[in-house]
*Asks:* 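Structure in structure tokens, see below.
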Amino acid sequence: MHMLSINRIRNSKEKVIEGLKKRGWNDDQLLILNKIVELDDYRKKVQTQNDQLLSERNRLSKEIGQLYKDGKRDEADAAKKNVEALKEDISANEKSMSDFKQSLLELLYKVPNVPHTKVPKGLSDEDNVVIKGWTGEMPQLAEGAKAHWDLAKEYGILDFELGVKITGAGFPVFRNQGARLQRALINFFIDQALEQGYEEIVPPLLVNEASGIGTGSLPDKEGQMYAIEKDALYLIPTAEVPVTNILRDEMVRPEDFPFRYVAYTQCFRREAGSYGSDVKGLNRVHQFDKVEIVQVQHPDKSHDTLDEMVKYVEGLLQKLELPYRILRLCGGDLTFASALTYDFEVFSAAQKKWLEVSSVSNFEAFQANRLNLRFKDELGQRRMAHTLNGSALALARIIAALLENNQTAEGIVIPEVLRDYTGFDIIKTK
RNA sequence: GGUGAGGUGGGUGAGUGGCUGAAACCAACGGUUUGCUAAACCGUCGUACUUGGAAACAGGUACCGGGGGUUCGAAUCCCCCUCUCACCGCCA
């Protein structure tokens, strides 16, 4: 879990409260904020006290050294007794300080990011606001149009059963033109990002614990990540994890803003507990491909950057000629770390369903607090950088929509922009 | 997997119990000099927490890979962990 800085809770409590209410926090839950400040007050008090004791100990120790040099053994031994008394107090203080810190952290980890003022109130996805709906034509499918899992079979491009045999449910096997379509999309997305000036990254797919904590993927309560216990490593659920950690524990130069990274990776999600029609076919799988964009930006500019990223993702969907809509997530649907998130959904015509294909978020300083990602501003003050990321895009569901929307009597038509990448313009049966 | 050597500030690298928050050099920043550039010279130059202060700043504490221990006192001694490097083994 990421966290809010205590100072933010101290200094702008009203705004924090207002924001958390948007997430549906009630008065009882809000009491946590008071407890946090209270605990921190205690911590400060104890620390100040302890620092004085340590200061005293240091002073006496120096004296003892001097006394020994001067050959005044008796006086030195007497002074030692004094220090020993101090030591008991010190260790008691330290114990209570670490207890305070522990409880403080436990509380802090429960507090999600404060939603941006633009975030609408609401408890569930029903309260998300469509800020841009689809006004164009919807795909006109012939009678008997098939869902992508049936098309997959018919054209021999995607095999779910084979995946079950090799690994288990949720690990589809792409083959033939399906495999090539997948690779074409990856290259198309990366090339598009490169044109925008993103730096391409090929990160590790396994991360250590520190990286998992840095982006808030750990501690992993829901068991969302695949863990390799023997080596204390985790399979990444998204490229966000390794890529955002590039700048963990760094003090960056403000003139280097924005940092812009694009990374294609496979993503692994246990999706524990999910079931039903939502998980059919490519709608939700344990392993999928995704091209992710990550930016690290100056706090004053991060929301402009968010808008820019939203526009960029929108452009991708336009080029793929997919019907899409953009949603601004309400407080209740916002992820724990996000201050403002836009979701992109494409219409998958045969399922008659909107499928989420991208989520673009500004985490503001929430992640940076945990990542310890800072910069020195014009005044020499240290400040937390803002982090943002977005899928651009997640492949599995894009393929689902492409297959369904572009099916014709002749075969599945490949969008214009992808043809140079696929090397064919239609998927046909053998 | 085996053996050996190491992790010190942005970098290189001194430092084997008190005078070391840490030499020196490099980089960086500010300044002097200069027609400009370079050079030279002078100065500044870690982070976190905390106390006082509106602030500039001043004080205190902690930090030399991480954790624990010995000691009046630890970068320095002891234990555990971890990472890096080298060589060997295995291997895409």
Side-chain angles (χ1 to χ4, degrees), chain A residues 3-12 36-105 107-108 202 204-214 218-219 227-234 242 245-257 259 266 296 365 368-385:
Chain A
M3 59 185 186
L4 225 51
S5 71
I6 295 180
N7 279 342
R8 181 145 176 216
I9 297 172
R10 277 184 188 280
N11 300 337
S12 41
I36 286 172
V37 173
E38 221 171 89
L39 274 176
D40 194 46
D41 285 340
Y42 276 127
R43 197 213 88 235
K44 278 187 188 184
K45 211 171 109 188
V46 176
Q47 182 173 336
T48 304
Q49 213 174 62
N50 202 47
D51 280 355
Q52 280 165 3
L53 291 178
L54 285 169
S55 174
E56 179 71 4
R57 185 200 67 183
N58 289 344
R59 214 198 81 237
L60 288 173
S61 289
K62 269 184 190 161
E63 274 180 24
I64 289 169
Q66 192 54 46
L67 288 171
Y68 273 123
K69 251 177 215 166
D70 298 344
K72 299 176 184 166
R73 288 206 145 249
D74 295 347
E75 286 182 47
D77 290 340
K80 276 191 195 177
K81 291 251 161 52
N82 292 334
V83 178
E84 246 157 302
L86 279 179
K87 280 171 79 177
E88 275 177 38
D89 292 343
I90 289 171
S91 75
N93 273 335
E94 271 164 6
K95 170 88 175 64
S96 88
M97 216 158 29
S98 83
D99 288 349
F100 281 133
K101 275 185 187 165
Q102 188 55 37
S103 344
L104 191 58
L105 277 179
L107 290 180
L108 268 178
V202 180
L205 302 183
L206 290 166
V207 294
N208 59 28
E209 197 178 12
S211 293
I213 289 173
L218 289 172
I228 296 166
E229 277 177 40
K230 200 171 177 187
D231 298 293
L233 295 174
Y234 301 85
N245 271 284
I246 290 173
L247 293 173
R248 167 157 51 91
D249 289 326
E250 296 290 330
M251 177 88 81
V252 302
R253 302 185 311 175
E255 60 265 36
D256 291 336
F257 285 133
F259 294 82
Q266 293 173 320
V296 176
N369 277 330
R370 206 56 192 286
L371 284 165
N372 196 25
L373 166 45
R374 301 148 300 161
F375 69 100
K376 255 185 197 159
D377 70 10
E378 307 71 36
L379 302 168
Q381 296 282 334
R382 281 167 296 277
R383 295 173 68 184
M384 292 296 163

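Note on naming: letters A, B, ... go to the chains in the order of the sequence lines (proteins, then strands), and numbering restarts at 1 for each one.
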*Asks:* Looking at B:G73, B:C49, B:U47, which one has an atom nearest to any side-chain atom of A:R374?
*Replies:*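 Selected nucleotide (nearest to the side chain): B:U47.
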*Asks:* Is there a Watson-Crick or G-U wobble partner for B:U70 with both distances under 3.5 Å, and if so, which one is it?
*Replies:*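 No nucleotide pairs with B:U70.
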*Asks:* Distance check needed: B:G21 C1' versus A:N58 CG, whole Å only.
*Replies:*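 The answer, rounded to whole Å, is 13 Å.
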*Asks:* Quick one: A:R43 CZ to B:U51 P, roughly how many Å, whole number?
*Replies:*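 Between P of B:U51 and CZ of A:R43: 8 Å.
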*Asks:* Taking the minimum atom-to-atom distance to the side chain of A:I64, which one of B:U51, B:C72, B:A48 wins?
*Replies:*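 Among the listed nucleotides, the one closest to the side chain of A:I64 is B:C72.
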*Asks:* My understanding is that a pair needs two contacts under 3.5 Å, Watson-Crick or G-U wobble. By that rule, which nucleotide pairs with B:U3?
*Replies:*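 Looking at the geometry, B:U3 pairs with B:A86.
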*Asks:* Check the distance between B:G73's P and A:D77's CG and give it to me in whole angstrom.
*Replies:*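 Rounded to the whole Å, the gap is 14 Å.
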*Asks:* Could you tell me the separation between the CD atom of A:E75 and the P atom of B:C72, rounded to a whole number of Å?
*Replies:*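 Those two atoms, CD and P, are 18 Å apart.
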*Asks:* Which base sits across from B:U33 as a Watson-Crick or G-U pair, both distances under 3.5 Å?
*Replies:*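 Here B:U33 is not engaged in any pair, so there is no nucleotide opposite it.
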*Asks:* Which residue lies toward the 5' end of RNA chain B, A:R59 or A:D40, if each is placed at its nearest nucleotide?
*Replies:*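 That would be A:D40.
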*Asks:* At under 4.0 Å between heavy atoms, what does A:L60 touch on the DNA or RNA strands: base, sugar-phosphate, or nothing?
*Replies:*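 Answer is nothing: A:L60 stays at 4.0 Å or more from every strand.
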*Asks:* So which nucleotide does B:A75 pair with, by the Watson-Crick or G-U wobble rule with both distances under 3.5 Å?
*Replies:*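 Because no pair has both required distances under 3.5 Å, B:A75 counts as unpaired.
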*Asks:* Taking the C1' atom in each of B:C77 and B:G15, what is the distance between them to the nearest angstrom?
*Replies:*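 Result for the C1' pair: 15 Å, nearest Å.
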*Asks:* In the strands shown, is B:G17 matched to any nucleotide by a Watson-Crick or G-U wobble pair with both distances under 3.5 Å, and which?
*Replies:*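 Partner of B:G17: none.
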*Asks:* Parallel, tilted or perpendicular, judged at 30° and 60°: which one describes the rings of A:F257 and A:F375?
*Replies:*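 Plane angle over 60°, so perpendicular.
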*Asks:* Go ahead and name the base partner of B:A24; Watson-Crick or wobble counts if both distances stay under 3.5 Å, otherwise write none.
*Replies:*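 When the pairing criteria are applied, B:U12 turns out to be the nucleotide that pairs with B:A24.
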*Asks:* Got a second to check how far A:I90's CD1 is from A:M97's CE, nearest 0.5 Å?
*Replies:*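 Rounded to the nearest 0.5 Å, the CD1-CE separation comes out at 10.0 Å.
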*Asks:* Might you work through the side chain to side chain donor-acceptor pair (under 3.5 Å) test for A:S211 and A:N208, ending with a clear yes or no?
*Replies:* CA-CA 6 Å; A:S211 293; A:N208 59 28; 3.2 Å; yes
*Asks:* Could you pick out which residue, A:L54 or A:N372, lies toward the 5' side of RNA chain B when each is mapped onto its nearest nucleotide?
*Replies:*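 The answer here is A:N372.
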*Asks:* Indicate, with a heavy-atom threshold strictly under 4.0 Å, whether A:R253 touches base, sugar-phosphate, or nothing.
*Replies:*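 Touches nothing.
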*Asks:* Pick the P atom in B:A22 and in B:G46, then give their distance to the nearest Å.
*Replies:*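 Per the computed distance, 10 Å lies between those P atoms.
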*Asks:* What distance separates A:R43 CZ from A:I6 CD1, expressed to the nearest 0.5 Å?
*Replies:*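 If I round to the nearest 0.5 Å, the distance is 6.5 Å.
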*Asks:* Between B:U33 and B:A40, how far apart are the C1' atoms? Round to whole Å, please.
*Replies:*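 Here B:A40 and B:U33 have their C1' atoms 9 Å from each other.
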*Asks:* Report the nucleotide, chosen from B:C72, B:U50, B:A48, that has the shortest atom-to-atom distance to any side-chain atom of A:K87.
*Replies:*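 Closest nucleotide among those given: B:C72.
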*Asks:* Could you check how far CG of A:D249 sits from P of B:G66, rounded to whole Å?
*Replies:*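 Those two atoms, CG and P, are 12 Å apart.
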*Asks:* When rounded to the nearest 0.5 angstrom, what distance separates CD1 in A:I64 from CD in A:E75?
*Replies:*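 A:I64 atom CD1 to A:E75 atom CD measures 11.5 Å (nearest 0.5 Å).
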*Asks:* What is the distance, rounded to the nearest whole Å, between atom CD of A:E63 and atom C1' of B:G18?
*Replies:*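 Atom CD in A:E63 sits about 13 Å away from atom C1' in B:G18.
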*Asks:* Within the structure shown, what part of the strands sits under 4.0 Å from A:K376 by heavy-atom distance: base, sugar-phosphate, or nothing?
*Replies:*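 Here A:K376 touches the backbone only, sparing every base.
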*Asks:* Taking A:S61 for the side chain and A:R57 for the main chain, is one N or O donor matched with an acceptor at less than 3.5 Å?
*Replies:*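 Yes, because the side chain of A:S61 sits within donor-acceptor range (under 3.5 Å) of the backbone of A:R57.
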*Asks:* Supply the atom-to-atom distance A:L54 CG to A:Q47 CD, rounded to the nearest 0.5 angstrom.
*Replies:*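 Answer rounded to 0.5 Å: 10.0 Å.
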*Asks:* Write down the distance separating the C1' atoms in B:A23 and B:A75, rounded off to the nearest Å.
*Replies:*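 My reading of the C1' atoms in B:A23 and B:A75 gives 14 Å.
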*Asks:* Distance between the C1' atoms of B:G9 and B:U44, in whole angstroms?
*Replies:*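 Taking atom C1' in both B:G9 and B:U44, they lie 15 Å apart.
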*Asks:* Can you tell me the base-pairing partner of B:A92? Count Watson-Crick or G-U wobble geometry only, both distances below 3.5 Å, and say none if there is no partner.
*Replies:*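 Its partner: none found.
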*Asks:* What is the distance, to the nearest angstrom, from the CD atom on A:E250 to the C1' atom on B:U47?
*Replies:*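 Rounded to the whole Å, the gap is 13 Å.
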*Asks:* Paired with B:A48: which nucleotide, if any, by Watson-Crick or G-U wobble criteria at under 3.5 Å for both distances?
*Replies:*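 Answer to the pairing question: B:U61, which forms a Watson-Crick or G-U pair with B:A48.
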*Asks:* Roughly how many Å apart are B:G6 and B:G10, using the P atom of each and rounding to a whole number?
*Replies:*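 So the two P atoms sit 24 Å from each other.
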*Asks:* To the nearest Å, give me how far apart NZ (A:K62) and C1' (B:G17) are.
*Replies:*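 That distance rounds to 14 Å.
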*Asks:* Please report the distance separating the C1' of B:G4 from the corresponding atom of B:G60, rounded so that it comes out in whole Å.
*Replies:*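 Their C1' atoms lie roughly 44 Å apart.
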*Asks:* Can you tell me which nucleotide in B:G60, B:U71, B:U47 comes closest to the side chain of A:S55?
*Replies:*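 Nearest nucleotide to the side chain: B:G60.
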*Asks:* OP1 or OP2 of B:G60 sitting under 4.0 Å from any side-chain N/O of A:R57?
*Replies:*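 Looking at the OP1 and OP2 atoms of B:G60, neither is under 4.0 Å from any side-chain N or O of A:R57.
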*Asks:* Could you give the distance separating B:G17 and B:C57 at their C1' atoms, to the nearest angstrom?
*Replies:*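 These two C1' atoms come out 35 Å apart once rounded.
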*Asks:* Testing A:V296, A:I246, A:N245, A:D249 one by one against A:L373 for a side chain to side chain contact (heavy atoms under 4.5 Å, CB included), which residue passes?
*Replies:*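 Result for side chain to side chain contact (heavy atoms under 4.5 Å, CB included) with A:L373: A:V296.
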